[in-house]
Amino acid sequence: GDSVTQMEGPVTLSEEAFLTINCTYTATGYPSLFWYVQYPGEGLQLLLKATKADDKGSNKGFEATYRKETTSFHLEKGSVQVSDSAVYFCALYRQAGTALIFGKGTTLSVSS
Amino acid sequence: DTGVSQDPRHKITKRGQNVTFRCDPISEHNRLYWYRQTLGQGPEFLTYFQNEAQLEKSRLLSDRFSAERPKGSFSTLEIQRTEQGDSAMYLCASSRGIRSGLNNEQFFGPGTRLTVL
């Protein structure tokens, strides 16, 4: 069945460092891909999305490109801040309106 | 606040008791989803509704679990004869409809944390 695999954390970085969190997926057809973020004590929030191959999603300095040839959707940010400390989840769905399938999450900790 | 709300935020119960959680979606959203998240894992899908119709149930949803959305607005998730393995965060999400694109984004509530002793 469909699945999402994320790099294991925690990821610990200093402020202004470059961030990459790897995400690969297995799915039939052409899924839509998402990154969600969960800040401490808060609910899941959509960070960015991409609905077709070569689309780039971006938000708050984060970017991810839908790479069908490598079935990947890696999250990147050029300069992280302490406020980016959170758990990041990669997710997909095969069809709009159906269930999201999540990876296990990657914890990011940024120190000043 | 017009986001997704869930009640209660925390529930502690003894094994064997029944519990019920409530979710109030964003008012114009006609799809409502339930997920379960255990420690160190991503959310796992349980079930979803289109208005009052329950369209899909995961294999995770055992016979002890039942969900309803009687008038197509709020939803309840009941767990009967709770077990320690039911301890988790139960998340509710809602979305506008079945069309692809931005309008189908799933918005999540803060979750109900269940602890079964």
Side-chain angles (χ1 to χ4, degrees), chain A residues 1-10 21 23-27 29-53 55 57-59 66 73 75 86-107, chain B residues 1 3-7 9-10 23-26 29-51 53-61 67 89-113:
Chain A
D2 298 348
S3 66
V4 174
T5 303
Q6 290 180 236
M7 63 185 286
E8 292 191 15
I21 300 178
C23 171
T24 57
Y25 68 89
T26 301
Y30 301 91
S32 294
L33 302 174
F34 305 83
W35 278 100
Y36 278 81
V37 59
Q38 189 170 36
Y39 297 103
E42 299 184 16
L44 282 166
Q45 301 174 25
L46 178 65
L47 181 59
L48 52 84
K49 67 180 285 186
T51 57
K52 61 183 187 295
D55 268 2
S58 62
N59 187 25
Y66 188 144
F73 193 54
L75 183 68
V87 183
Y88 293 82
F89 293 93
C90 187
L92 66 83
Y93 62 53
R94 270 196 284 135
Q95 182 178 346
T98 61
L100 285 162
I101 297 169
F102 287 86
K104 291 186 177 182
T106 302
T107 300
Chain B
D1 189 306
V4 178
S5 62
Q6 293 186 245
D7 184 68
R9 295 290 304 274
H10 303 274
C23 171
D24 286 89
I26 294 170
H29 287 184
N30 50 33
R31 288 232 165 174
L32 187 148
Y33 312 77
W34 285 99
Y35 294 84
R36 182 175 72 183
Q37 184 178 15
T38 54
L39 198 61
Q41 302 294 317
E44 296 172 292
F45 167 72
L46 293 177
T47 187
Y48 81 87
F49 294 82
Q50 168 79 24
N51 299 315
Q54 189 172 18
L55 295 188
E56 186 177 349
K57 293 193 287 187
S58 159
R59 287 172 293 178
L60 290 176
L61 211 67
M89 178 76 85
Y90 290 84
L91 299 171
C92 177
S94 70
S95 69
R96 188 178 296 274
I98 62 174
R99 295 179 183 175
S100 61
L102 289 174
N103 285 344
N104 200 65
E105 175 185 344
Q106 292 186 26
F107 292 82
F108 283 81
T112 294
R113 182 169 296 283

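Please read all numbers here as calculations on a predicted model, not as lab measurements. Lettering of chains follows the sequences in order, A, B, ..., and the numbering in each one begins at 1. Scope of the values below: all heavy atoms of this structure, side chains included, with no hydrogens, waters or symmetry mates.
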Participant: Report the residues that fulfil salt bridge (Lys or Arg N to Asp or Glu O under 4.0 Å) with A:K52, sequence neighbours left out, ordered by chain and then residue number.
Facilitator: A:D55
Participant: Please report the interatomic distance CD(B:Q50) to OG1(A:T98), rounded to the nearest 0.5 Å.
Facilitator: 12.0 Å
Participant: B:D7: which residues meet the salt bridge (Lys or Arg N to Asp or Glu O under 4.0 Å) condition with it, sequence neighbours left out?
Facilitator: none
Participant: Calculate, to the nearest 0.5 Å, the distance between atoms CG and OH belonging to A:L100 and B:Y35 respectively.
Facilitator: 4.0 Å
Participant: Relative to chain A, which segment of B:L46 carries a heavy atom at a distance below 4.5 Å: side chain, backbone, both, or neither?
Facilitator: neither
Participant: Mind checking which of residues 32-40 of chain A sit less than 4.5 Å from chain B, heavy atom to heavy atom?
Facilitator: A:Y36, A:Q38
Participant: CD of A:E8: more than 12 outside heavy atoms within 6.0 angstrom?
Facilitator: no
Participant: How many angstroms lie between atom CZ of A:F102 and atom CD of B:Q37, to the nearest 0.5 angstrom?
Facilitator: 8.0 Å
Participant: With sequence neighbours left out, write down each residue that passes ring-ring contact (aromatic ring centres under 6.0 Å, His included) with A:F89, or none if nothing qualifies.
Facilitator: none
